[in-house]
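Working notes, structure below.
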Amino acid sequence: MDFGVAGGAGGSEEAARRVRVRFTTKLGPPLRVPSAPLAVPSNLTRMGLSEIVNLLLENASAEHETQPFDFLIDGELVRLPLEEFLLAKGITAEKVLEIEYIKAVAPRKQQDPCLHDDWVSSVDGSDPSYILTGCYDGIARLWKGGAACTHVLVGHSGAITSAHIINGKDESENRFHIATGSKDRTLRLWKFDDAEHLEHPVNIREYKILQGHTSSVQSISSDPSGDMICSGSWDGSIKLWDVKSSEVQGDTVSIKKRKLVSDTANHVESQLEGVAASTLVGHSQSVSSVVWPERETIYSASWDHSVRQWDVQTGQETWNMACGKVLNCLDIGGESSALIAAGGSDPILRIWDPRKPGTLAPVFQFSSHSSWISACKWHCKSWFHLLSASYDGKVMLWDLRTAWPLAITDSHKEKVLCADWWKNDSVISGGADSKLLICSGVSIQ
């Protein structure tokens, strides 16, 4: 079969050249095309290839709805006209070329923004029913379905810099366990159920205040069991906190409740106060990001230009990598959950593989942003996909199999300060425009 389609590049002479291809896929039967070789124009872009696949699927089923596809040749995503790609990779077109097609990864819908009173500095999308946000007004909020604010967590006296759902929601008790960190130098723990209330939002008070940092708390992460959390601070330290038994242990202190619009008067409440179980010392400047992916291992990124790995049991640093840049964000994921992604004071998202001996050079570098990178996050179901957010106002989706971003969201009108995945098919982000944005319909295979 011979195809001549519009999605190409160049003039008629180039369009006259043909390449014999066979389309393959791991997608289910409704999205599988015949395996017979086809002759297609050599100047086709991925848009033209997508057009052909959709035509073949429409021929097989009148009910098929056109959708965008991406294409892999020898495990690399095609981002050039077909002939240019083959030439750049040294691939011969003399034989039938096998091209695998996958669903294109890009948001297809954007919900109405969730408005806040100040900068949205932290988002957590680990619960499929709710989104947790932290805000510079000192309040954390839960948004049901990413739409209605149902719970307001009030207690901090400074801007919230990190808000974290500890090990998800306890489904057996239908309860949330949340930790927040703030510029007021404290962490606060919250526990409550998500039962329906007649009136929303419901104001929630913390059950424990964790004291010990001497400067702003910048980042929080929990261990896989949810028994402990760690925090990185502007004071250069990382502290570990036992939260499993924290409801019954600690000294009782009195605090003055913040006055809200719904309060008739301020009053004094009793609260538990806790201290750190241990402290990890080694960074010389602010610890901007911490991740606790395994029970015995913590990773940290710092303004001292380093990424470090820590042994939880001994409290000792086991790996130290200098990257030459102030770092703002860090995440662990990818192949075997072993790759380190980090971004900071330049527009480049860098990825390292610490399993590769003898070199500390990044194995991938993505440079499409135009300002500092504020957040990065691996997709939990994919070895290849991650997102990044930047002060340039953009959120970008990446696939390790190409150097170009899969998708760019630029709906924030100011700096993007935080971003995360939600429900595996949505990207959530917050920024200096005081908005939580939700882009859904992202298909990750």
Side-chain angles (χ1 to χ4, degrees), residues 1-109 364 366-368 379 381-386 396-409 425 441-445:
M1 187 179 294
D2 192 305
F3 274 89
V5 296
S12 58
E13 183 180 343
E14 290 178 333
R17 292 197 289 268
R18 294 287 190 268
V19 178
R20 295 178 69 226
V21 304
R22 177 183 290 110
F23 291 109
T24 65
T25 188
K26 297 183 178 69
L27 299 173
L31 294 177
R32 288 184 182 173
V33 301
S35 59
L38 308 171
V40 302
S42 63
N43 66 335
L44 279 186
T45 64
R46 62 190 178 103
M47 305 302 291
L49 292 170
S50 189
E51 185 180 340
I52 290 177
V53 171
N54 276 295
L55 285 171
L56 292 170
L57 291 171
E58 287 172 8
N59 289 337
S61 173
E63 297 179 356
H64 171 71
E65 295 184 2
T66 299
Q67 60 180 284
F69 293 99
D70 264 322
F71 298 87
L72 292 160
I73 297 177
D74 286 351
E76 185 167 344
L77 281 167
V78 176
R79 283 297 184 272
L80 295 169
L82 194 54
E83 193 169 42
E84 291 183 30
F85 180 90
L86 297 180
L87 185 62
K89 302 301 175 183
I91 301 173
T92 179
E94 294 178 359
K95 298 180 179 179
V96 175
L97 185 66
E98 289 213 346
I99 303 178
E100 180 184 352
Y101 61 95
I102 59 177
K103 289 183 179 181
V105 175
R108 302 186 185 185
K109 180 183 177 183
F364 299 97
F366 300 112
S367 54
S368 293
H379 192 282
K381 302 292 185 182
S382 171
W383 282 9
F384 303 109
H385 296 93
L386 71 163
M396 298 189 182
L397 305 188
W398 302 94
D399 188 313
L400 299 186
R401 296 167 292 188
T402 180
W404 286 272
L406 300 178
I408 300 174
T409 302
D425 69 350
V442 181
S443 177
I444 302 286
Q445 298 167 247

For residues [X] and [Y], determine if any side-chain heavy atom of one lies less than 4.5 Å from a side-chain heavy atom of the other.
X      : Y      : value
Leu31  : Lys103 : yes
Leu72  : Val78  : no
Ser42  : Arg18  : no
Leu397 : Val442 : yes
Leu44  : Phe71  : no
Leu57  : Val33  : yes
Ile102 : Leu77  : yes
Phe23  : Val21  : yes

| request: Look up atom OG1 in Thr409 and atom CE in Met396, then write down how far apart they are to the nearest 0.5 Å. | output: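 Answer rounded to 0.5 Å: 9.5 Å.
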
| field | Derivation and outcome, side-chain contact (heavy atoms from CB on, under 4.5 Å), residues Ile52 and Val40 | value | CA-CA 9 Å; Ile52 290 177; Val40 302; 3.5 Å; yes

| query | Does the side-chain contact (heavy atoms from CB on, under 4.5 Å) test come out yes or no for Ile99 and Thr24, once each step is laid out? | reply | CA-CA 6 Å; Ile99 303 178; Thr24 65; over 6 Å; no

Nearest heavy-atom pair of [X] and [Y]: which atoms, and what distance?
X      : Y      : answer
Ala93  : Val19  : CB-CG1, 4.2 Å
Thr402 : Phe366 : O-CE2, 3.3 Å
Arg20  : Pro37  : NH2-CB, 4.0 Å

| query | Checking side-chain contact (heavy atoms from CB on, under 4.5 Å) against Thr66, which of Asn54, Val53, Leu55 comes through? | reply |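 Only one option passes, and that is Asn54.
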
| task | Give me the one residue out of Leu97, Ile91, Thr92, Val96 that meets side-chain contact (heavy atoms from CB on, under 4.5 Å) with Glu94. | result |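 With Glu94 as partner, Leu97, Ile91, Thr92, Val96 yield a single side-chain contact (heavy atoms from CB on, under 4.5 Å), made by Thr92.
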
| Distance-only polar pair, side chains of Ser443 and Gln67, donor-acceptor under 3.5 Å | no

| Donor-acceptor side-chain pairing of Ser382 and His379 below 3.5 angstrom | no

| Verdict with reasoning, His385 to Val105, per side-chain contact (heavy atoms from CB on, under 4.5 Å) | CA-CA 9 Å; His385 296 93; Val105 175; 3.7 Å; yes

| What pairs of residues pass the ring-ring contact (aromatic ring centres under 6.0 Å, His included) test when at least one of them lies in residues 40-69, not counting sequence neighbours? | Phe69-Tyr101

| task | Starting from the C-alpha separation in whole Å, work towards a yes-or-no answer on side-chain contact (heavy atoms from CB on, under 4.5 Å) for Asp399 and Leu386. | result | CA-CA 7 Å; Asp399 188 313; Leu386 71 163; over 6 Å; no

| Who pairs with Arg79 by salt bridge (Lys or Arg N to Asp or Glu O under 4.0 Å), at least two apart in sequence or on another chain? | Asp70

| task | Return each pair, listed once, that meets salt bridge (charged side-chain N to carboxylate O under 4.0 Å, His left out) where at least one residue sits in residues 22-41; pairs must be two or more places apart or across chains. | result | Arg22-Glu98, Lys26-Glu100

